[in-house]
Amino acid sequence: MKVLANDGISAAGEQALRNAGIEILDNRVAQNHLIGFINENNVDVLLVRSATKVRQELIDACPGLKIIGRGGTGMDNIDVNYAIDKGIYIINTSTASSKSVAELVFAHFFSLARFLHESNRLMPLEGETHFDAMKKSFGKAYELSGKTLGVIGFGSIGQEVVKMGISLGMKIKVLTRKPKTEVLTLDFFDGQSVKFEITSDNDMDAFLREADFISLNTPKTKEYIIDTPQFEKMKDGVYIVNTARGGVINEVALIDFIESEKVAGAALDVFENEPNPELPLLMNPALSLSPHIGGNTVDAQERIGAELAEQIIKIKETIL
């Protein structure tokens, strides 16, 4: 069996596959050359993250593919149902990067609440000449403790965001299409653990009225979850972080509501026009920005590689 990890795989995952007698191709193949490379090298398994697209054309043109794997949660870059209909196994790592994404959510929240995203830009330019003025302008900061954290989506990432909010002493509101209850466990350094039963709600209006900090943690959607009507119902001075997918929040409306000061600050790790974000987003000082790095930690990548390898090895034992 040959595996092409086109967007990379961790050393742990690679070693596990080699130990199972599976060949790893460490090439990085451009999208327009991918079909030819797969067929010429008799690739059985294609592993991707968000960069490589696996559409019907590729699936039809590569009849030797047996497994398509996604390192991460979202599968919107793969025509999943079509591949399954063709008899191809589809695998992903639904929880491996959840903690990393949740930590990025709070990295952005802390950055916004304490103006770190802006002070990091300005200190090299004006720190020597306008130190006192900047100190004064960044004085209206907020603690997260005691504030209401609103989480849209209650999958594995949303649950990790909630757990981190609880650990900071935040009040918790969760919004889902249908109410659901989850028991979340917080584990501590000394072996103690505490369980919290959290029930989500589907009342969008009440959610928006109460949330001080909003985190979007949903799959890709066909329509905006947050658009002008939703912005209008939010608290004045709300903070928003999107680490979900581009297109769940209307970026044009977001800029408008930042300029009206309805939104105190927002962070985007994903963009509607990715990988070419719109210039007004990149230039806005009220935005904290990162280039789709939610799951890009050494820890998450090690888990992702190991989980993909484990699934591939199990499938190999079934089909060969």
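No hydrogens, no waters, no symmetry mates; every other heavy atom, side chains included, goes into these values. Throughout, numbering of the chain's residues begins at 1 and tracks the sequence.
- Classification of the F109-F213 ring pair by plane angle, with boundaries at 30° and 60°, yields perpendicular.
- E310 and K314 are joined by a salt bridge, as a carboxylate oxygen and a charged side-chain nitrogen come within less than 4.0 angstrom of each other.
- Between Y89 and T318 the shortest side-chain heavy-atom distance falls below 4.5 Å.
- Among residues two or more places apart in sequence or in another chain, the salt bridge (Lys or Arg N to Asp or Glu O under 4.0 Å) test is passed with D227 by none.
- Cluster membership check: I38 shares its hydrophobic cluster with I78, using side-chain heavy-atom separations under 4.5 Å among Ile, Leu, Val, Met, Phe, Trp and Tyr.
- Between D299 and K99 there is no salt bridge, since no side-chain nitrogen of the basic residue lies less than 4.0 Å from a carboxylate oxygen of the acidic one.
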Subject >> Audit row: I249, F231, side-chain contact (heavy atoms from CB on, under 4.5 Å) steps and yes/no >> reply: CA-CA 10 Å; I249 185 169; F231 282 116; 3.8 Å; yes
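- Remark: D44 CG to I319 CD1 distance equals 7.5 Å, nearest 0.5 Å.
- With respect to K86 and D60, a salt bridge is recorded, a charged nitrogen being found less than 4.0 Å from a carboxylate O.
- A side chain to side chain contact (heavy atoms under 4.5 Å, CB included) with R70 holds for exactly one of I91, N77, T93; it is N77.
- Of the possible donor and acceptor atoms, none in the side chain of R303 sits under 3.5 Å from a partner among the backbone N and O of E307.
- In summary, the side chains of T199 and T181 do present a donor paired with an acceptor at a separation below 3.5 Å, with no hydrogens or angles considered.
- Counting only distance, with no hydrogens or angles, the side chain of S200 and the backbone of K180 share a donor-acceptor pair below 3.5 Å.
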Subject >> Residues I59, R55; criterion side-chain contact (heavy atoms from CB on, under 4.5 Å); working and verdict >> reply: CA-CA 6 Å; I59 294 167; R55 300 301 181 201; over 6 Å; no
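- Using a 4.5 Å heavy-atom threshold, the side chains of F207 and D201 count as separate.
- A salt bridge (charged side-chain N to carboxylate O under 4.0 Å, His left out) with E210 holds for exactly one of K235, K173, K171; it is K173.
- With hydrogens and angles disregarded, no donor-acceptor distance shorter than 3.5 Å links the side chain of D187 to the backbone of S193.
- Under the 3.5 Å distance criterion, with hydrogens and angles disregarded, a donor-acceptor pair is assigned to the side chains of E272 and Y224.
- Using a 4.5 Å cut-off on side-chain heavy atoms (C-beta onward), L17 and I312 make contact.
- The pair E143-K147 fails the salt-bridge criterion, with no side-chain N (NZ, NE, NH1 or NH2) lying under 4.0 Å from an Asp/Glu carboxylate O.
- S50 and H292 share no side-chain donor-acceptor pair at under 3.5 Å.
- In terms of modelled atom types and a separation under 3.5 Å, the side chain of K262 and the main chain of M234 share a donor-acceptor contact.
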Subject >> L47 and L4: CA distance, side-chain angles, deciding distance, side-chain contact (heavy atoms from CB on, under 4.5 Å) verdict >> reply: CA-CA 6 Å; L47 300 181; L4 172 61; over 6 Å; no
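- Inter-residue side-chain proximity for I240 and F257 is flagged as unmet; no heavy-atom pair is nearer than 4.5 Å.
- Under the 4.5 Å side-chain heavy-atom criterion for grouping Ile, Leu, Val, Met, Phe, Trp and Tyr, V101 is connected to M170 within one hydrophobic cluster.
- The hydrophobic clustering, which links ILVMFWY residues whose side-chain heavy atoms are closer than 4.5 Å, places V43 and I315 apart.
- Using a 4.5 Å cut-off between side-chain heavy atoms of Ile, Leu, Val, Met, Phe, Trp and Tyr, with links allowed through other members, L268 and I152 fall into the same hydrophobic cluster.
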**OP:** Start with the C-alpha gap between I157 and S98, add the side-chain angles, then the distance that decides, and say whether side-chain contact (heavy atoms from CB on, under 4.5 Å) holds.
**Re:** CA-CA 5 Å; I157 296 172; S98 299; 3.8 Å; yes
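- Placement of I226 and I255 within a single hydrophobic cluster is found when ILVMFWY residues are connected by side-chain heavy-atom separations under 4.5 Å, directly or transitively.
- Counting only N and O atoms by type, the side chains of S215 and N217 include a donor and acceptor under 3.5 Å apart.
- Using a 4.0 Å cut-off between charged side-chain N and carboxylate O, K163 and E160 make a salt bridge.
- Under 4.0 Å is where a charged nitrogen must lie from a carboxylate oxygen, and between K195 and E197 no such pair does.
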